[in-house]
Amino acid sequence: MSTTAVAPLTIQDAEVLVAAAHRAAEAAGATVSVTVLDAGGHLLTFRRDDRAVLISGETSTRKAYTALQLNAPTADLVEAVQPGGLFHTLPTALDRPLLFIAGGVPVHRDGRLIGAIGVGGGAPEQDHAFAEAAVEALA
């Protein structure tokens with residue numbers, strides 16, 4: 001069986017993601033924080049707009065972590081944590097709480113998970129759009 005190596009998410013990739021998310025946010029008049037994690041959950045890059053509220057940094061990091069751990073956009077997981085949902089007890093079962101609010105998006109290369117981006121500070125739907133725009137810019 002042959003395996004093909006997939007290039008990991010690099011610092012340069014992370015900088016592209018952060019810049020693209022901030023451009024999208026600025027175009028929409030939003031102030032945000034952006035976090036990029038590698039496939040192991042390690043912080044590669046973080047940027048908070050000077051005008052963004054401080055908690056947006058924690059929010060963006062937790063959104064990225066959630067998208068990475070579950071390999072899915074956080075916007076797609078919101079209903080899963082409601083009572084009776086698939087992940088109803090999951091947010092409190094881990095050492096680092098997950099955050100099921102739109103704005104976290106996994107990053108793939110050649111079909112493999114290589115990291116995640118989280119955006120916080122705008123409305124959840126805006127944050128999701130900014131994260132998606134960043135992933136598209138990397139492609």
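None of the values given here were measured: they were computed from a predicted structure.
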Contact between Lys63 and Ile101 at the side-chain level, heavy atoms closer than 4.5 Å - yes or no?
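The answer is yes, as the side chains (C-beta and beyond) meet within the 4.5 Å cut-off.
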Beyond-backbone contact of Val36 with Val18, side-chain heavy atoms, under 4.5 angstrom:
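Side-chain contact under 4.5 Å: yes.
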Looking at every heavy atom in both [X] and [Y], which two are closest together, and how far apart are they?
X	Y	result
Pro106	Pro73	CD-N, 3.6 Å
Ala21	Val119	CB-CG2, 4.2 Å
Ser33	Gly57	OG-N, 3.5 Å
His128	Ala75	ND1-CB, 3.7 Å

Between Arg51 and Asp49, is there a side-chain N and carboxylate O pair less than 4.0 Å apart?
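Answer for the salt bridge query: yes.
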When rounded to the nearest 0.5 angstrom, what distance separates CG in Asn71 from CG in Leu113?
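With rounding to 0.5 Å, CG (Asn71) is 4.5 Å from CG (Leu113).
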Inter-residue atom distance Ile117.CD1 - Leu9.CG, 0.5 Å rounding:
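That separation rounds to 9.5 Å.
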Name all residues meeting the side-chain hydrogen bond (donor to acceptor under 3.5 Å, both in side chains) criterion together with Ser60; count only those two or more places apart in sequence or in a different chain, and write none if there are none.
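Counting only residues at least two positions away or on another chain, Ser60 forms a side-chain hydrogen bond (donor to acceptor under 3.5 Å, both in side chains) with Thr35.
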Partners meeting side-chain hydrogen bond (donor to acceptor under 3.5 Å, both in side chains) with Thr10 (sequence neighbours left out)
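Only Gln12, Asp13 meet the side-chain hydrogen bond (donor to acceptor under 3.5 Å, both in side chains) criterion with Thr10.
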N/O donor-acceptor pairs under 3.5 Å from side chains in residues 129-139, not counting sequence neighbours:
none

Going by atom type alone, with no hydrogens or angles, which donor-acceptor pairs under 3.5 Å involve a side-chain atom of residues 38-48 and a protein atom two or more places apart or on another chain?
from, atom 1, to, atom 2, distance (Å)
Asp38, OD1, Gly40, N, 2.9
Asp38, OD1, Gly41, N, 3.1
Asp38, OD1, His42, N, 2.9
Asp38, OD1, His42, ND1, 3.2
Asp38, OD2, His42, ND1, 3.4
Arg48, NH1, Ala52, O, 2.7

Is there a donor-acceptor contact under 3.5 Å from the side chain of Thr74 to the main chain of Gly104?
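The answer is yes, because a donor-acceptor pair under 3.5 Å joins these two groups.
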For Ala123, which residues count as a side-chain contact (heavy atoms from CB on, under 4.5 Å) partner, sequence neighbours excluded?
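Only Glu125, Gln126 meet the side-chain contact (heavy atoms from CB on, under 4.5 Å) criterion with Ala123.
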By side-chain contact (heavy atoms from CB on, under 4.5 Å), which residues pair with Asp50, not counting sequence neighbours?
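side-chain contact (heavy atoms from CB on, under 4.5 Å) list for Asp50, sorted by chain: empty.
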